[in-house]
Student: 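Below are the C-alpha cells for one structure; questions will follow.
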Amino acid sequence: MAYDYEYFKREILALTTIDLNCYKEKQMKRRIDTLISKHKIVGYDKYVQALKTDRALFEEFVSYITINVSEFYRNPEQWKILDTQIIPELIQKFGKNLKVWSAACSTGDEPYSLVMALSRHVPLDHIRIFATDLDKQVIAKAKVGLYSEKSIAAVPEDMKRKYFTQVGPSYKIADAVKARVEFKEHNLLKDTYPSGYHLIVCRNVLIYFTEEAKDEVFRKFCRSLAVGGMLFIGSTEQIMNYKDVGFERKNSFFYQKP
C-alpha cells in the first residue's frame, strides 16, 4: 500500500483531531516533509507509527504544525487604534466588564497585551481574558509567563516597568496580569465556539487556512460576538467578503458585528 499524504491526513485527524484538509496543502505538506526528514524517518506510515509511540515526537509535531509565532503588541500602530478608539467605544457600549476572547493565543503574548491595553481604561480586577489555543505546550509556556527581550520589544515603556521583572536574560510577566487570563485548549476548526463576546482577537493565524476554512471561522466568530462586538485580526489578513460572513468593516483590521 502506498502511504500517501491523504492517508497521513486521515491518521493525523484520528490521532490529534487536527484536520489538515483545512490548511493550505502545499505549505503544510512542505513543513511536515521537512520535519520527517529531520528525524531521518522514511515514509508517512513510519512517521505515524513513531507519533503513536513517542510522546516527545508527538508533542513536537503538534507544536510544529500549529505554527506558533507571537510577540507582545505586534504591529503597535494597530494596538494604538485598539487603545484610543476601539476599547473606549466598547466600554461605552457594554460597560467596564468586557468579555474578551484571545483565540489562537500562542505563548500568551497577545492575551497579556490585552490585559495591559485594557488596564489603561479599567482597573485590573475588571479585566478577564479568555485565551485559547490548539497546542497545550504553548498554553503551558503562556502560564509560566517568561519572555525574551525581543518578544516584549514593542511593549510601551511604562507597561514594561510596571508589569515585567527581569529574570536573567528573560522577562517575567507580573502575576497580577497573569491572574486576569484563563487559558484553555480549543480547536478553531472543530470545537464549539463560546458566545456573547464584546471583543475577539485572532491575529496572523488564519493565513495558513484554506479560503473555505477561513470563511467558516469568520462566520463562527461573528456568531460568537454580541451585536456591536468587534473582531481584531492581523496585519497579514483581510476579510475581503466581510459582508457575506456577517461583518461591517471598521477599518483594515477591525470588523464589527452589526
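Along the sequence shown, the residues carry numbers beginning at 1.
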Student: What's the verdict on side-chain contact (heavy atoms from CB on, under 4.5 Å) for L98 and L199, showing C-alpha distance, side-chain angles and the deciding distance?
Tutor: CA-CA 8 Å; L98 293 176; L199 174 65; 5.9 Å; no
Student: Can you tell me how far apart CG (N251) and CZ (R249) are? Round to the nearest 0.5 Å.
Tutor: 7.0 Å
Student: Measure across A104 and D133 and return the closest heavy-atom pair with its distance rounded to 0.1 Å.
Tutor: C-OD2, 3.3 Å
Student: Would you say T132's side chain and K184's backbone share a donor-acceptor pair under 3.5 angstrom?
Tutor: no
Student: In the structure I gave you, are the side-chain heavy atoms of F232 and Q78 within less than 4.5 Å of one another anywhere?
Tutor: yes
Student: Looking at CG of N21 and NZ of K9, how far apart are the two atoms once the value is rounded to the nearest 0.5 Å?
Tutor: 4.0 Å
Student: Could you tell me whether the side chain of K257 and the main chain of L225 form a donor-acceptor pair under 3.5 Å?
Tutor: yes
Student: Under 4.5 Å between any side-chain heavy atoms of R223 and S195, yes or no?
Tutor: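 No - every pair of side-chain heavy atoms lies 4.5 Å or more apart.
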Student: Find the distance between OG (S151) and CD1 (I173) and round it off to the nearest 0.5 Å.
Tutor: 11.0 Å
Student: Would you find a donor on one side and an acceptor on the other, under 3.5 Å apart, between the side chain of Y112 and the backbone of A142?
Tutor: yes
Student: Please check if the side chain of R180 supplies one atom and the backbone of V115 the other of a donor-acceptor pair under 3.5 Å.
Tutor: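 Not a single qualifying donor-acceptor pair exists.
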Student: Taking atom CD of E149 as the centre, report whether more than 12 heavy atoms of other residues, nucleotides or ligands fall under 6.0 Å from it.
Tutor: no
Student: Taking it one step at a time, do F8 and I32 satisfy side-chain contact (heavy atoms from CB on, under 4.5 Å)?
Tutor: CA-CA 10 Å; F8 182 72; I32 291 165; 3.7 Å; yes
Student: Can you classify the ring geometry of F218 versus F221 as parallel (below 30°), tilted (30 to 60°) or perpendicular (above 60°)?
Tutor: tilted
Student: I'd like to check L13 versus L20 (side-chain heavy atoms, cut-off strictly below 4.5 Å). Are they in contact?
Tutor: no
Student: Could you report the tightest heavy-atom contact between C222 and G246, atom names first, then the distance?
Tutor: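 Result for this residue pair: SG-O, 3.4 Å.
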Student: So does K143 get a backbone contact from the side chain of K178, meaning a donor-acceptor N/O pair under 3.5 Å?
Tutor: yes
Student: Going by distance alone, is a donor N or O of one side chain under 3.5 Å from an acceptor N or O of the other, for Y163 and D158?
Tutor: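 No, D158 and Y163 have no side-chain donor paired with an acceptor closer than 3.5 Å.
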Student: Of the non-hydrogen atoms in R74 and R203, which two are nearest, and what is the gap between them?
Tutor: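 Heavy atoms only, the tightest pair is O-NH1, 3.0 Å.
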Student: Evaluate whether atom NZ of K52 has more than 12 neighbouring non-hydrogen atoms of other residues, nucleotides or ligands under 6.0 angstrom away.
Tutor: yes
Student: Is a donor on one side and an acceptor on the other found under 3.5 Å between the side chain of H121 and the backbone of D83?
Tutor: yes
Student: Please report the interatomic distance CD1(I200) to CD1(I233), rounded to the nearest 0.5 Å.
Tutor: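 The CD1 atom of I233 is 12.5 Å from CD1 of I200, to the nearest 0.5 Å.
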Student: Please test E6 against Y44 for side-chain contact (heavy atoms from CB on, under 4.5 Å), starting from the C-alpha separation and ending with a verdict.
Tutor: CA-CA 10 Å; E6 291 302 315; Y44 290 126; over 6 Å; no
Student: Is there side-chain contact between K93 and M230, with at least one heavy-atom pair below 4.5 Å?
Tutor: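 No, side chains not in contact.
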Student: Under a single-linkage definition using a 4.5 Å side-chain heavy-atom cutoff for Ile, Leu, Val, Met, Phe, Trp and Tyr, are V144 and M116 assigned to the same hydrophobic cluster?
Tutor: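 No, it is not one cluster - the side chains of V144 and M116 are not joined through contacts under 4.5 Å.
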Student: Is it the case that the side chain of S119 and the backbone of L124 share a donor-acceptor pair, with hydrogens and angles ignored and the cut-off at 3.5 Å?
Tutor: no
Student: At their closest point, which heavy atom of Q256 faces which heavy atom of G228, and how far apart are they?
Tutor: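 So the two residues come closest at NE2-O, 3.0 Å.
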Student: Check this for me: does any side-chain nitrogen of one of E157 and K160 sit under 4.0 Å from a carboxylate oxygen of the other?
Tutor: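 The answer is yes: the pair qualifies as a salt bridge.
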Student: For E110 versus S102, what's the shortest heavy-atom pair and its separation?
Tutor: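 Reported closest heavy-atom pair: OE1-OG, 3.1 Å.
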Student: Tell me whether E77 at atom CD has more than 12 heavy atoms from other residues, nucleotides or ligands lying less than 6.0 Å away.
Tutor: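 Enclosed.
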Student: Do the side chain of N187 and the main chain of L134 share a donor and acceptor less than 3.5 angstrom apart?
Tutor: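 Between the backbone of L134 and the side chain of N187 there is no qualifying donor-acceptor contact (under 3.5 Å).
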Student: Could you walk me through whether L188 and C202 pass the side-chain contact (heavy atoms from CB on, under 4.5 Å) check?
Tutor: CA-CA 10 Å; L188 286 173; C202 185; 4.2 Å; yes
Student: Is there side-chain contact between D244 and D215, with at least one heavy-atom pair below 4.5 Å?
Tutor: no
Student: Would you say the side-chain atoms of E237 pair up with the backbone N or O of V205, donor to acceptor, closer than 3.5 Å?
Tutor: yes
Student: First locate atom NZ of K99, then atom CZ of F94, and finally report the distance between them rounded to the nearest 0.5 Å.
Tutor: 11.5 Å
Student: Over 60° means perpendicular and under 30° means parallel, so tell me whether W101 and Y197 are parallel, tilted or perpendicular.
Tutor: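 The rings of W101 and Y197 sit tilted, inter-plane angle from 30° to 60°.
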Student: I'd like to know if the side chain of H126 and the backbone of N97 have a donor-acceptor N/O pair within less than 3.5 Å.
Tutor: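 No.
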Student: Under 4.5 Å between side-chain heavy atoms, hopping through other hydrophobics if needed: is there a path connecting I139 to L146?
Tutor: no
Student: Side chains of N241 and F247: does their closest heavy-atom pair fall under 4.5 Å?
Tutor: no
Student: For residues I12 and I41: do they belong to one hydrophobic cluster (side chain heavy atoms under 4.5 Å, members Ile, Leu, Val, Met, Phe, Trp, Tyr)?
Tutor: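 Yes; tracing contacts between hydrophobic side chains, which count when under 4.5 Å, links both residues.
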Student: For F72 and Y147, I'd like to know if the aromatic rings sit close, meaning centre-to-centre distance below 6.0 Å.
Tutor: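 F72 vs Y147: aromatic centres under 6.0 Å.
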Student: Do F253 and W79 have ring centroids that are under 6.0 Å from one another?
Tutor: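 No.
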Student: Any idea which heavy atoms bring P111 and F183 closest together, and the distance?
Tutor: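 What the structure gives for the nearest pair is CG-CE2, 4.0 Å.
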Student: Below 4.0 angstrom, N of the basic side chain to O of the carboxylate: do R219 and E216 qualify?
Tutor: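 Salt bridge flag = no for E216 with R219.
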Student: Do I239 and L231 have side-chain heavy atoms sitting under 4.5 Å apart?
Tutor: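 Yes; the side chains approach each other to less than 4.5 Å.
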Student: Within this structure, what is the NZ-CD distance for the pair K250 and Q85, rounded to the nearest 0.5 Å?
Tutor: 7.5 Å
Student: Is there side-chain contact between N75 and N204, with heavy atoms separated by less than 4.5 Å?
Tutor: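 Yes, side chains in contact.
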